[in-house]
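Report on the following structure.
For the numbers below, each heavy atom of this structure counts, side chains included, while hydrogens, waters and symmetry mates do not. Below, chain A is the first sequence line, B the second, and so on; all start at residue 1.
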Protein chains: 2
Amino acid sequence: MIQSLLYPSLEEASDFINSALRVKNLVVCCGLFSVEYVGRSSSTLGAGERILIIKGDGSVLVHRSKGYEPVNWQPSGCIIRCRVEDGKMILFSERRRPKEFLKAVFDKVYIIFSTSLVDEAKFLMGPSEETFYSILFQHPEFIEKGLRLTSRQKPLSTGVVDFTGIDEGGNYVFVEVKRRTAGVDAVKQLDRYIKSQPTRFRGILCAPSITKQALSLLEKKGYSFRKLDLNRISKLLTIEPFEETLDKHF
Amino acid sequence: MIQSLLYPSLEEASDFINSALRVKNLVVCCGLFSVEYVGRSSSTLGAGERILIIKGDGSVLVHRSKGYEPVNWQPSGCIIRCRVEDGKMILFSERRRPKEFLKAVFDKVYIIFSTSLVDEAKFLMGPSEETFYSILFQHPEFIEKGLRLTSRQKPLSTGVVDFTGIDEGGNYVFVEVKRRTAGVDAVKQLDRYIKSQPTRFRGILCAPSITKQALSLLEKKGYSFRKLDLNRISKLLTIEPFEETLDKHF
DNA sequence: CGTGCCAGGTGCCTT
DNA sequence: AAGGCACTTGGCACG
């Protein structure tokens with residue numbers, strides 16, 4: 001059930017929003033307004049035509065005419081109030097921790113609607129990092145010939161190492177897996193794991209590619225890089241490859 | 001100028017969207033639909049009531065009833081098409097590089113509106129990390145009385161130290177600045193810089209606050225914590241301090 | 001609550 | 001175009 005108002009007065013819009021807030025409906029409001037934000041950072045946005053979205057869980061989004069990201073926002077769990085003051089509609093949102101405030105001051109509301117979105121569908125994501133681990137754990141030869149993996153996702157004092165194992169020469173090995181290009185961070189992560197151990201471990205960083213600086217740091221530390229062949233791995237997934245999904249749905 | 005349709009037929013909605021696309025208007029559409037995505041990853045979302053937003057620059061956002069993040073999206077620059085097929089409205093978005101596809105299949109459209117958002121306002125962001133460095137470099141007394149800073153953003157073998165300097169007692173000093181609460185990793189970072197030097201350096205970690213564990217580690221290492229007074233610093237910026245902004249606008 | 005770490009991260013700036 | 005890095009990153013899992 002949709003409720004909507006076209007070119008409402010600010011009083012009408014304010015009442016409308018307050019009604020929607022009480023029943024935790026979603027509200028979409030298009031109008032002319034300015035935005036102030038204070039919190040971890042702060043920002044000011046002068047008056048302009050935008051979209052403001054209030055979700056039932058207390059999140060707020062302000063979208064301008066371009067781009068993926070909202071220009072201002074408030075995450076879920078905020079306390080939201082709306083009132084008319086001095087001929088302007090003021091929408092105020094307060095986040096408790098960290099302390100953050102967002103205020104939208106409306107000169108005009110062009111259109112506003114609210115609804116309770118009935119949406120029970122499950123969101124299914126394609127192969128994640130976890131999926132890659134499973135495949136690699138069953139096929140350590142993709143990482144290195146003769147490698148035996150002894151544990152996965154092993155918690156250390158300083159983080160969780162993806163794999164532990166023993167290489168062809170009998171050396172203990174830590175393996176860090178990245179699904180995408182490995183950067184300096186990944187090398188540091190691996191280094192931290194190995195430094196945390198009293199005994200000697202070889203380090204293997206396994207990723208589809210690696211940045212130049214990361215490789216340089218890796219070599220300086222004496223660790224190894226192993227190129228991960230994504231196509232070969234995806235052949236082993238139950239999930240259908242890109243091309244097939246494309247053919248089927250698109 | 002707003003155009004809107006309440007409970008349109010799928011044909012009406014499709015025509016409406018195509019008209020809006022031609023003039024690169026923003027479109028907000030609330031309805032019952034499913035979403036498929038294939039690209040860097042892939043995802044499937046069964047039918048449910050949601051909001052779909054198309055922006056003039058070719059970005060697409062699908063929002064469910066909860067949370068800050070869109071469940072599916074397409075960044076700006078995509079090619080968008082809309083048609084009715086087998087009694088469903090299909091909205092298709094293609095990204096060129098990387099190759100990514102998003103498809104929304106509508107069973108029903110509850111409300112749809114479009115508008116060209118006139119929005120020329122400048123978005124002004126509060127102090128960034130860079131801003132803090134500049135201010136602190138010019139006002140080292142905020143860090144410590146009698147401190148002289150000799151260089152900023154100096155590259156070491158192990159990273160980039162924010163400031164180097166000499167304290168009142170003539171000791172060489174490394175300063176690491178954090179804009180937010182300093183955690184254990186900030187201490188480790190500082191420690192790494194100092195360990196990398198052949199000569200002795202004092203370590204100062206400068207942040208608005210510090211976690212208990214980080215402070216404990218810092219003290220164990222013999223380094224100093226300096227509370228960064230954000231209000232005092234922001235006085236030196238053209239940007240007004242938190243409390244004042246709060247008083248004035250909230 | 002802090003710590004660690006992934007994300008279809010996104011956006012910005014540099015080579 | 002690719003790499004590096006900050007972000008009001010958000011989000012989740014775990015101690």
Residue set satisfying side chain to side chain donor-acceptor pair (under 3.5 Å) with A/K195, at least two apart, ordered chain then number -> A/D191

A/D191 CG to C/dG4 P, straight-line distance once rounded to whole Å: 15 Å

Check whether any side-chain nitrogen or oxygen of A/Q213 sits under 4.0 Å from OP1 or OP2 of C/dT15, and answer yes or no. no

Can you tell me if A/R40 touches the phosphate of D/dA6, counting only side-chain N or O atoms and a distance under 4.0 Å to OP1 or OP2? no

P gap between C/dG4 and C/dG8, integer Å: 23 Å

For A/S209 and A/S43, find the nucleotide of DNA chain D closest to each by heavy atoms; which residue's nucleotide sits nearer the 5' end? A/S209

Could you give the NZ-to-C1' distance, from A/K154 to C/dG4, as a whole number of Å? 18 Å

Give every donor-acceptor pair under 3.5 Å between a side-chain atom in residues 43-54 of chain B and any protein atom, sequence neighbours left out.
from	atom 1	to	atom 2	distance (Å)
B/S43	OG	B/N72	ND2	3.0
B/E49	OE1	A/V118	N	2.8
B/E49	OE2	B/Y110	OH	2.9
B/R50	NE	A/D119	OD2	2.8
B/R50	NH1	B/F33	O	2.5
B/R50	NH1	B/G46	O	2.9
B/R50	NH2	A/D119	OD1	2.8
B/R50	NH2	B/G46	O	2.7

Could you name each residue pair satisfying ring-ring contact (aromatic ring centres under 6.0 Å, His included) that touches residues 40-67 of chain A, not counting sequence neighbours? none

Of the listed nucleotides C/dC6, D/dT8, C/dG8, the one nearest the side chain of A/Y37: D/dT8

Using a strict heavy-atom distance below 4.0 Å, which residues from residues 55-75 of chain B are in contact with DNA chain C? B/N72, B/W73, B/Q74, B/P75

Do any side-chain nitrogens or oxygens of A/R95 fall under 4.0 Å of OP1 or OP2 in D/dT8? no

Could you pick out which residue, A/F123 or B/S76, lies toward the 5' side of DNA chain C when each is mapped onto its nearest nucleotide? A/F123

Please state whether the phosphate of C/dC6, meaning OP1 or OP2, lies under 4.0 angstrom from any side-chain nitrogen or oxygen of A/R179. no

For B/K221, look at atom NZ and say whether over 12 heavy atoms of other residues, nucleotides or ligands are found less than 6.0 Å away. no

Taking C/dA7 as the reference, what is the distance to D/dA6 when you measure between their C1' atoms (whole Å, please)? 16 Å

Could you work out, with salt bridge (charged side-chain N to carboxylate O under 4.0 Å, His left out) as the rule, every residue matching B/R95, not counting sequence neighbours? B/E100

Starting from P on D/dC5, measure out to CZ on A/R180 and report it in whole angstrom. 15 Å

Check whether any side-chain N or O of A/K178 sits under 4.0 Å from OP1 or OP2 of C/dC6, and answer yes or no. yes

So which pairs with a foot in residues 177-217 of chain A pass ring-ring contact (aromatic ring centres under 6.0 Å, His included), sequence neighbours left out? A/Y172-A/F201, A/F174-A/F201

Between B/L102 and B/F92, is there a side-chain heavy-atom distance shorter than 4.5 Å? no

Please check the phosphate of C/dG4 (OP1 and OP2 only) for any side-chain N or O of A/R192 closer than 4.0 Å. no

Taking the side chain of A/R97 as its heavy atoms from C-beta onward, which of C/dC1, D/dA1, C/dG8 lies nearest to it? C/dC1

